[in-house]
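Data block below; observations after.
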There are 2 protein chains.
Amino acid sequence: MKLDAIDKQILELLQENSKRTNKELSYKLNLSVTAVFERIKRLEKEGVLSKYVALVNKEKVNRSFVVFCHIKLLQHSKSFLTRFEAEVLKLDEVLECYHVSGDYDYILKIFVSDMNAYREFMVTKLTTLQHIGSTQSTFMIGEVKNSTAISLS
Amino acid sequence: MKLDAIDKQILELLQENSKRTNKELSYKLNLSVTAVFERIKRLEKEGVLSKYVALVNKEKVNRSFVVFCHIKLLQHSKSFLTRFEAEVLKLDEVLECYHVSGDYDYILKIFVSDMNAYREFMVTKLTTLQHIGSTQSTFMIGEVKNSTAISLS
DNA sequence: GATTTAATAAGAAAAATATTCTATATAAAT
DNA sequence: ATTTATATAGAATATTTTTCTTATTAAATC
């Protein structure tokens with residue numbers, strides 16, 4: 001699908017704040033409300049706009065302790081990977097999990113309340129997963145940037 | 001601020017899909033539309049709900065190549081950190097940047113179109129930053145889980 | 001124990017927004 | 001020239017958000 005300059009502007013604006021109304025967008029883009037409406041519907045239908053979500057402040061819900069955990073598996077056959085991935089999906093504390101190249105196999109991003117909670121998570125959940133070889137935890141000290149908006153320029 | 005069970009349900013539902021209407025939420029929660037409305041306004045005012053955003057499918061906008069880059073600085077004085085962080089903030093390709101404990105100082109999550117674009121990004125942007133000691137790039141092979149929703153149970 | 005007070009919720013009314021419908025304009029295709 | 005497809009605008013309608021008034025409840029005060 002082709003995205004013109006107006007589509008890109010709409011995407012940038014909605015990535016920043018999805019509560020903007022079509023009227024507000026129509027002002028900014030010098031278009032009619034209908035034109036904006038139709039473009040957004042098209043972007044949704046094509047799957048360019050995949051989801052609308054509310055973001056919650058992790059400090060306010062007691063999940064400020066963020067950990068990046070690098071994981072090595074014992075073996076790398078497809079069935080091992082698949083099984084591990086299915087189990088990770090079930091863990092609420094894990095918001096992100098990526099299969100990666102390099103020294104280890106997976107990067108997990110984990111949100112918990114504090115170090116004690118993380119210890120509990122490791123002992124009762126993470127290290128009980130099948131096929132895990134090793135884990136290495138890196139703790140977030142500060143958040144410099146955390147955006148969900150892909151730049152389209 | 002105290003969050004009761006209903007607040008948590010609202011947060012879970014809006015983190016999953018912020019387009020749900022107050023009426024829809026009121027059905028699910030056995031409440032009136034006004035009660036839902038008031039609770040959401042309170043959660044926004046208190047900063048628990050911090051933002052509403054549209055998520056864009058990275059494949060559809062040609063940013064499927066995701067890289068985690070570990071960075072070490074040459075020195076760790078406050079002024080060096082601050083300056084580095086200010087420069088990273090300006091880089092559109094970097095969606096996330098965290099100051100972390102461990103072998104390296106920062107983790108960056110970078111979105112580009114392909115390996116060539118990443119090479120270009122490294123050469124012209126990343127490695128020209130002040131105070132950089134070393135970088136180590138890890139490439140995403142597959143996305144197992146990528147959620148923005150913090151579980152509140 | 002009766003009476004305020006504060007917090008929450010319900011329902012109706014009003015305001016704002018999203019959505020549909022009809023009509024035009026424009027450029028590409030035949 | 002004529003058709004076709006695409007994008008847009010404006011008006012009409014449907015839906016949602018927001019406000020306002022009233023009622024309920026539980027805790028706090030006398």
Side-chain angles (χ1 to χ4, degrees), chain A residues 1-63 147-153, chain B residues 1-63 147-153:
Chain A
M1 185 204 180
K2 279 237 288 275
L3 301 174
D4 67 14
I6 297 175
D7 291 329
K8 287 181 184 175
Q9 284 185 77
I10 291 176
L11 292 174
E12 303 250 7
L13 289 165
L14 290 180
Q15 284 188 103
E16 199 185 284
N17 176 13
S18 62
K19 280 286 199 240
R20 293 186 210 273
T21 63
N22 293 344
K23 202 208 270 192
E24 186 187 340
L25 295 172
S26 74
Y27 284 134
K28 284 193 206 286
L29 305 173
N30 269 88
L31 271 181
S32 70
V33 171
T34 307
V36 170
F37 175 83
E38 297 288 358
R39 278 172 180 268
I40 291 174
K41 284 301 153 201
R42 190 181 45 122
L43 291 166
E44 290 170 353
K45 193 152 62 80
E46 303 281 349
V48 182
L49 281 169
S50 59
K51 217 175 177 193
Y52 296 91
V53 301
L55 300 182
V56 163
N57 184 333
K58 62 184 178 309
E59 275 75 28
K60 302 272 182 174
V61 294
N62 196 30
R63 297 291 134 89
S147 171
T148 53
I150 299 174
S151 170
L152 302 172
S153 31
Chain B
M1 184 203 181
K2 280 238 287 276
L3 301 175
D4 67 15
I6 296 175
D7 290 329
K8 288 182 183 175
Q9 284 185 77
I10 290 176
L11 292 173
E12 303 249 6
L13 288 165
L14 290 179
Q15 284 187 104
E16 199 186 283
N17 175 12
S18 62
K19 281 285 198 241
R20 294 185 210 273
T21 64
N22 293 344
K23 201 208 267 192
E24 187 186 340
L25 294 172
S26 74
Y27 283 135
K28 285 192 205 287
L29 305 173
N30 269 89
L31 269 181
S32 70
V33 170
T34 307
V36 170
F37 176 82
E38 298 286 0
R39 277 172 181 267
I40 291 174
K41 284 301 153 201
R42 189 179 47 121
L43 291 166
E44 289 170 353
K45 192 152 60 80
E46 303 280 350
V48 182
L49 281 168
S50 60
K51 218 175 177 193
Y52 296 89
V53 301
L55 301 182
V56 164
N57 184 334
K58 60 183 179 309
E59 274 75 27
K60 302 272 182 174
V61 294
N62 196 32
R63 297 292 134 88
S147 170
T148 53
I150 299 173
S151 169
L152 302 172
S153 32

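Residue numbers start from 1 in every chain, and the chains themselves are labelled A, B, ... in the order their sequence lines are given, proteins ahead of strands.
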Choosing from dA10(C), dG10(D), dT8(D), which nucleotide comes nearest the side chain of T34(A)?
dG10(D)
Are the side chains of V53(A) and N17(B) in touch, meaning some heavy atoms are under 4.5 Å apart?
no
Rounding to an integer number of Å, can you tell me how far Y27(B) OH sits from dA9(C) P?
18 Å
In this structure, how many angstroms lie between the P atom of dT8(C) and the CD1 atom of I40(B), rounded?
15 Å
From dT20(C), dT19(C), dT18(D), pick the nucleotide closest to the side chain of K41(A)?
dT19(C)
L25(B) CG to dT16(D) P, straight-line distance once rounded to whole Å:
11 Å
Taking atom P of dA7(D) as reference, at what distance in whole Å does atom CG of D4(A) sit?
9 Å
Should K41(A) and E44(A) count as an ion pair when the cut-off is N to O under 4.0 Å?
yes
Consider the side chain of K23(B), meaning its heavy atoms from C-beta on, and name the nucleotide among dA9(C), dT16(D), dA9(D) that approaches it most closely.
dT16(D)
SB check R42(B) D7(B) (cutoff 4.0 Å):
yes
With L25(B), which of L13(B), I6(B), L31(B) fulfils side-chain contact (heavy atoms from CB on, under 4.5 Å)?
L13(B)
Nearest whole angstrom, please: distance from the P of dT19(D) to the CD of E38(B).
9 Å
Nearest listed nucleotide, side chain of L31(A), among dA9(D), dT18(D), dA9(C):
dA9(D)
Against the side chain of V33(A), the closest entry in dA9(C), dT20(C), dT19(C) is dT19(C)
Selected nucleotide, minimal atom distance to F37(B) side chain, candidates dT17(D), dC21(C), dA7(D)
dT17(D)
Which whole-number value in Å describes the distance from N22(A) CG to dT13(D) P?
20 Å
Tell me the interatomic distance from E24(B), atom CD, to dA14(D), atom C1', rounded to whole angstroms.
17 Å
What's the CD1-P distance between I6(B) and dT8(C), to the nearest Å?
11 Å
Residue-phosphate contact under 4.0 Å: R39(B) side-chain N/O, dA9(C) OP1/OP2:
yes
Begin from the C-alpha positions of S151(A) and S153(A) and carry the test side-chain hydrogen bond (donor to acceptor under 3.5 Å, both in side chains) through to its verdict.
CA-CA 6 Å; S151(A) 170; S153(A) 31; 3.1 Å; yes
